[in-house]
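Read the numbers this way: they start at 1 and go in the same order the structure lists the ligands and their atoms. None of these values were measured; they are calculated from a predicted model.
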Amino acid sequence: MSSVPTPVVTPAAVELLREEFPILAVRPHGQRLAYLDNAATAQKPREVLAAIAGYYETANANVHRGVHLLSERATAAFEGARADVAAFFNAAHAHEIVFTRNATESINLVAQSWGGAHLKAGDEVLISAMEHHSNIVPWQMICQRTGAQLRVAPFDDRGTLDLEACHRLLGPKTKIVAMSHLSNALGTVNPVADLITAAHAVGAVVLVDGAQASYHMAVDVQTLDADFYVATGHKLYGPTGVGVLYGKTALLDAMPPVMGGGDMIASVTFEQSTWNVLPYKFEAGTPHIAGAVGLGAAVRFLQRVGFGWITAHEADLLTYATEAVGAVPGVRLIGTSPHKASILSFVMDGVHPHDIGTVVDRAGVAIRTGHHCAQPVMARFGVPATARASLAMYNTREDIDQLVAALHEARRVFT
Ligand SMILES: Cc1ncc(COP(=O)(O)O)c(C=O)c1O
């Protein structure tokens, strides 16, 4: 990358950074693009795009199986990306990083494999009421299969997790806690380190859903002492179709594979098969090699920009956006926890969120409207949907101003 900004959050630094994202030059409906739908997916910097193209142009072959030059290159690129992702999350070993398709697959893998092996009738799985459907449904499915019970920790009117309730719900029956690090619908940052300590004290393991947190803040899985941590490539400024499951070696080693096929075996006969070592035991079939290579480039990019810079910049923008959007007549913010990052959900009196989305789109502003795959959160606040603006490193105050002007226009049109 030619022009990584210095760790000083200045408008000039952000402008330099924006140059790295070619898509920001697109002019929707002839307007300047204000891309504020980052919680759905983040845009990709040039070097991620170049890494993917470069892989196909100079290294494309299947991994792990060939002795020819291209296969060696492809394997080195794929395993190099795993090492980069391991370093990004400070995993103790590269083999603790399993490449999946997305965060959803990572959670399902743990639910089916760890849950299938460990849960039984009478056991409990603890989640929170602010989870994405991806961190609810897989647990419902494994609870149905095993007879375990799903327990749900509530949050308060501002969207802050009720820690006391968590402590009350944790007990000897709790076998696993699955909790989002950062809520995609509310922007709440959950105290996952405290939860992990409390869960370990009752002998439960913890899966942290880091699909949102992982591109807004530095995550150190060893300091957190997380048993499992999941992330998704496309939110980390990488490509779609590649996800991350971090798991502690001892846990992953003891887990059965959930998908059978090539690469995940040590030996196969018609009588029985034996499993490959970590992480390959969980990576049946040809993986998304180019996706992993792109994700490797993305996490290197994130590390060079630095979370010191990113977190400070996004916190400043969130404060600015909270004030400016909250001041639009008729707007009610959904999710006002004191512990928030990068996500602003809101509704407007008399205007359906989808109508807000349509009007602001005409002004070049991309936001998300709907239930954000968090229907229980919508039910808790008594709304069918919200509008959601979500931030990334390349956003500016100009983006927020553009959104606010478009919200005034939506209000004028619909009320
Ligand atoms: C908190 C959270 N968990 C899980 C997911 C699922 O991510 P993916 O669709 O990439 O699997 C999302 C996606 O929005 C999310 O926000």
Let me have the donor-acceptor pairs involving side chains of residues 194-207, under 3.5 Å, with sequence neighbours excluded, atom names and distances please.
residue : atom : partner : partner atom : Å
T197    : OG1  : A193    : O            : 3.0
H200    : ND1  : D225    : OD2          : 3.3
H200    : NE2  : D227    : OD2          : 2.7

Please tabulate, one line per pair, the protein nitrogen or oxygen atoms found under 3.5 angstrom from a nitrogen or oxygen of ligand 1, with distances to 0.1 Å, or say none if there are no such pairs.
residue  : atom   : partner : partner atom : Å
ligand 1 : 3 (N)  : D209    : OD1          : 3.3
ligand 1 : 3 (N)  : D209    : OD2          : 2.5
ligand 1 : 10 (O) : T232    : OG1          : 2.7
ligand 1 : 10 (O) : H234    : NE2          : 2.7
ligand 1 : 11 (O) : A103    : N            : 3.2
ligand 1 : 11 (O) : T104    : N            : 2.8
ligand 1 : 11 (O) : T104    : OG1          : 2.6
ligand 1 : 14 (O) : H132    : NE2          : 3.4
ligand 1 : 14 (O) : K235    : NZ           : 2.7
ligand 1 : 16 (O) : Q212    : NE2          : 2.7

Check this for me, if you would: do D123 and K173 make a salt bridge, where the nitrogen-to-carboxylate-oxygen distance has to be below 4.0 angstrom?
no
Which pairs count as salt bridge (charged side-chain N to carboxylate O under 4.0 Å, His left out) when at least one residue sits in residues 124-142, sequence neighbours excluded?
E124-R151
Distance under 6.0 Å and angle within 45° of the ring axis: does R18 meet both against Y394?
no
Short N-O contact, D349 and R411, less than 4.0 angstrom:
no
Under the salt bridge (charged side-chain N to carboxylate O under 4.0 Å, His left out) test, residues paired with E398 that sit two or more places apart
R32
